[in-house]
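For ligands, and for the atoms within them, numbers begin at 1 and follow the listed sequence. Note: hydrogens, waters and symmetry copies are ignored here, and every other heavy atom, side chains too, is used.
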Amino acid sequence: MEFFKCILVEEAVNIIKEEFKDYKLESEIVDLEYAYDRVIYEDVVSTQFVPEFDRSTVDGYAIVAEDSYGASDTIPTILDVIGEVKMGEMTDIVISSGKCAYVPTGGMIPQGANAVIMIENTEKMDEKTLLVQKPVRVQENVIKRGEDIRENEIVIEKGRKLNPAHIGALASLGISRVKVFKKPKVSIISTGDEIIGIEEKLEYGKIRDINSYSLRAQAQKSGLEVVENVIVKDDFNQLKEAIEKGIEKSDIVLLSGGSSVGERDFTKEAINSLGGKGILAHGISIKPGKPTLIANAKGKLVIGLPGHPVSAITVFMAVVEPFIEQLYSLKTIKPTIFAKMTANFPSAPGKDTYVFVNIKKEDGIYYATPKFGKSGMITNLSKADGYIVLKIQEEGVNKGDLREVYLL
Ligand code: AMP
Ligand code: MG
């Protein structure tokens with residue numbers, strides 16, 4: 001009987017990161033319309049000022065701010081209206097003390113003006129005369145040339161996953177095509193004599209292939225491109241062939257099932273038969289997810305995930321995701337919240353324990369309720385809102401503790 005020599009989650013992450021530290025992703029150019037959620041390959045540096053000209057942030061009148069000092073409803077400042085700035089057009093109006101011109105939101109500030117008084121704080125006496133009823137500060141309601149983006153400024157750093165605001169910033173610079181990392185390719189292999197395709201008739205004793213789908217989705221969520229998805233039997237030759245094919249086609253090969261030490265667990269043997277470094281680690285101190293294999297097969301990362309669907313996803317999040325972050329030089333932070341535990345939960349001795357929780361919010365405070373369930377049950381995960389991690393040295397979590405919750 002062979003036993004695991006389990007390593008810490010941190011060690012597993014470091015082994016992978018170190019082993020593949022020189023593994024580089026290529027870049028590709030994508031249209032801005034399709035750039036959402038992609039990762040920027042190199043710093044985007046502005047070659048322009050945004051805005052290109054001083055702009056008004058309100059509908060109002062461009063004035064010399066000092067003219068408005070001391071103005072009120074009862075003692076308004078009286079100004080001559082000398083014109084109107086047209087939206088989207090240059091203006092040759094020149095403002096000096098005692099004069100003003102109408103400017104729409106986003107319109108160009110005429111020369112000589114240094115503030116805009118909101119229309120709500122003025123009254124038109126007649127076509128040519130304006131009463132200013134409130135003072136404005138110098139530069140109030142004005143966005144200066146280059147105040148948003150300056151020339152030579154880094155607008156988006158390498159490793160940022162593009163969100164809608166990034167897309168907008170790129171659009172403001174007229175950048176319609178962006179250089180992003182090519183998505184790392186992944187092959188997903190589900191193993192097990194009992195596993196059948198989800199469209200096949202479910203005979204007694206068989207199990208539908210959950211992992212192909214859940215891991216595919218998890219991989220997509222993490223920015224991977226799934227290039228192959230197969231089910232193979234617990235058969236050494238079939239398994240070896242599938243892994244070999246996966247290595248040829250992809251950057252990462254994920255297997256699920258057959259990674260333990262059972263009689264029909266061939267993953268380890270199959271990987272080692274491919275040559276190269278082979279298995280780097282077998283067994284991680286994590287619950288759920290202990291029977292995990294980490295390998296370098298022909299220069300590619302091969303991970304043998306446990307068969308239990310929840311375990312497979314947990315190990316993916318714990319050890320595969322950090323590697324993807326390294327590949328992408330990712331700078332984006334994972335969303336978490338802090339929540340008060342509503343119940344005690346014990347940790348598994350000698351392991352990092354992933355506890356799935358439900359979150360509710362009451363009077364502005366988040367509460368996390370741990371779910372008690374087995375790793376063979378997909379609903380333990382699908383009905384959860386997030387998870388907390390109890391580190392190996394912790395005995396558990398207590399009711400009332402404030403914990404960081406990773407949102408699913
Ligand atoms: P294994 O790691 O191969 O021993 O599998 C552990 C458990 O996970 C077994 O009960 C398997 O039937 C189950 N399992 C393995 N692969 C899958 C899969 N792709 N979908 C659903 N359950 C699976
Ligand atoms: Mg199996």
Side-chain angles (χ1 to χ4, degrees), residues 1-7 12 186-222 224 226-243 245-246 250 252-273 279 281-295 302-320 348 351 354 356 373-384:
M1 182 69 184
E2 189 186 358
F3 291 96
F4 298 110
K5 194 184 146 293
C6 282
I7 57 170
V186 63
S187 291
I188 298 170
I189 304 167
S190 283
T191 75
D193 290 335
E194 75 283 22
I195 308 298
I196 59 160
I198 62 169
E199 282 168 341
E200 285 175 56
K201 185 170 172 292
L202 191 63
E203 277 165 37
Y204 215 58
K206 300 282 192 220
I207 303 239
R208 289 202 181 95
D209 177 13
I210 297 175
N211 293 341
S212 279
Y213 294 88
S214 52
L215 286 174
R216 165 184 283 268
Q218 189 68 40
Q220 287 169 337
K221 185 180 174 193
S222 300
L224 301 181
V226 182
V227 291
E228 175 98 342
N229 212 166
V230 290
I231 301 175
V232 300
K233 297 273 182 234
D234 290 315
D235 174 277
F236 175 80
N237 289 320
Q238 271 192 42
L239 198 56
K240 183 178 172 183
E241 207 176 296
I243 300 170
K245 211 167 145 200
S250 38
I252 300 170
V253 178
L254 294 179
L255 294 115
S256 82
S259 60
S260 197
V261 290
E263 262 178 46
R264 306 209 45 84
D265 292 336
F266 296 116
T267 306
K268 189 173 186 176
E269 229 181 303
I271 293 171
N272 273 336
S273 74
I279 303 294
H282 190 191
I284 302 179
S285 306
I286 183 172
K287 185 188 161 102
K290 181 171 121 176
T292 296
L293 284 159
I294 298 170
V302 179
I303 302 269
L305 297 167
H308 282 309
V310 179
S311 309
I313 288 183
T314 305
V315 174
F316 184 102
M317 294 190 299
V319 306
V320 183
K351 289 178 188 161
Y354 280 59
F356 297 100
K374 306 199 172 84
S375 56
M377 307 192 328
I378 188 66
T379 55
N380 198 37
L381 185 55
S382 68
K383 289 186 178 174

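Geometrically, ligand 1 and Ile195 share no nitrogen or oxygen pair separated by less than 3.5 Å. Distances between N or O atoms of Glu194 and those of ligand 1 include at least one value under 3.5 Å. Considering backbone and side-chain atoms alike, Gly307 places an N or O below 3.5 Å from some N or O of ligand 1. Between Ser259 and ligand 1, no pair of N/O atoms sits closer than 3.5 Å. Annotation: Asp209 places an N or O atom under 3.5 Å from an N or O atom of ligand 1; distance criterion only.
Using a 4.0 Å cut-off to heavy atoms of Gly257, the atoms of ligand 1 that qualify are 1 (P), 2 (O), 3 (O). Near Ser190, meaning under 4.0 Å from any of its heavy atoms, are these atoms of ligand 1: 19 (N).
Across the listed options Ile188, Leu255, Ile207, Ile207 owns the non-hydrogen atom lying nearest to atom 22 (N) of ligand 1. The closest heavy-atom contact to atom 20 (N) of ligand 1, among the options Ile210, Val310, Ile378, Asp193, comes from Ile210.
Side chain of Glu200 to backbone of Gly197: a donor-acceptor contact under 3.5 angstrom is found.
The proximity of Asn211 to ligand 1, defined as any non-hydrogen pair under 4.0 Å, involves the side chain as well as the backbone. The backbone of Arg208, and not its side chain, has at least one atom closer than 4.0 Å to an atom of ligand 1 (non-hydrogen atoms only; backbone = N, CA, C, O).
For Gly258, the closest heavy-atom approach to ligand 1 falls below 4.0 Å. Between Arg264 and ligand 1 there is no heavy-atom distance shorter than 4.0 Å.
Atom-to-atom distance recorded for Asp209:CG and Ile195:CD1 is 6.0 Å, nearest 0.5 angstrom. Distance check: Met317 CE to Ile286 CD1 gives 8.5 Å after rounding to the nearest 0.5 Å. Atom NE2 of His308 is separated from atom CD1 of Ile210 by 10.5 Å, given to the nearest 0.5 angstrom.
Of the protein's heavy atoms, His308 CE1, 4.0 Å lies nearest to atom 10 (O) of ligand 1.
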Apply the test side chain to side chain contact (heavy atoms under 4.5 Å, CB included) to residues Leu293 and Ile303: give CA-CA distance (whole Å), side-chain angles for both, the deciding distance (0.1 Å), then the verdict.
CA-CA 6 Å; Leu293 284 159; Ile303 302 269; over 6 Å; no
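Judged purely by distance below 3.5 Å, without hydrogens or angles, the side chains of Thr267 and Ser259 never pair a donor atom with an acceptor atom.
Shown are Lys206, Lys233, Arg264; of these, the side-chain hydrogen bond (donor to acceptor under 3.5 Å, both in side chains) with Asp193 is made only by Arg264.
By the 6.0 Å contact criterion, CD on Glu194 is enclosed, its count of non-hydrogen atoms from other residues, nucleotides or ligands being greater than 12. The environment of Lys287 atom NZ is sparse: at most 12 non-hydrogen atoms of other residues, nucleotides or ligands sit within 6.0 angstrom.
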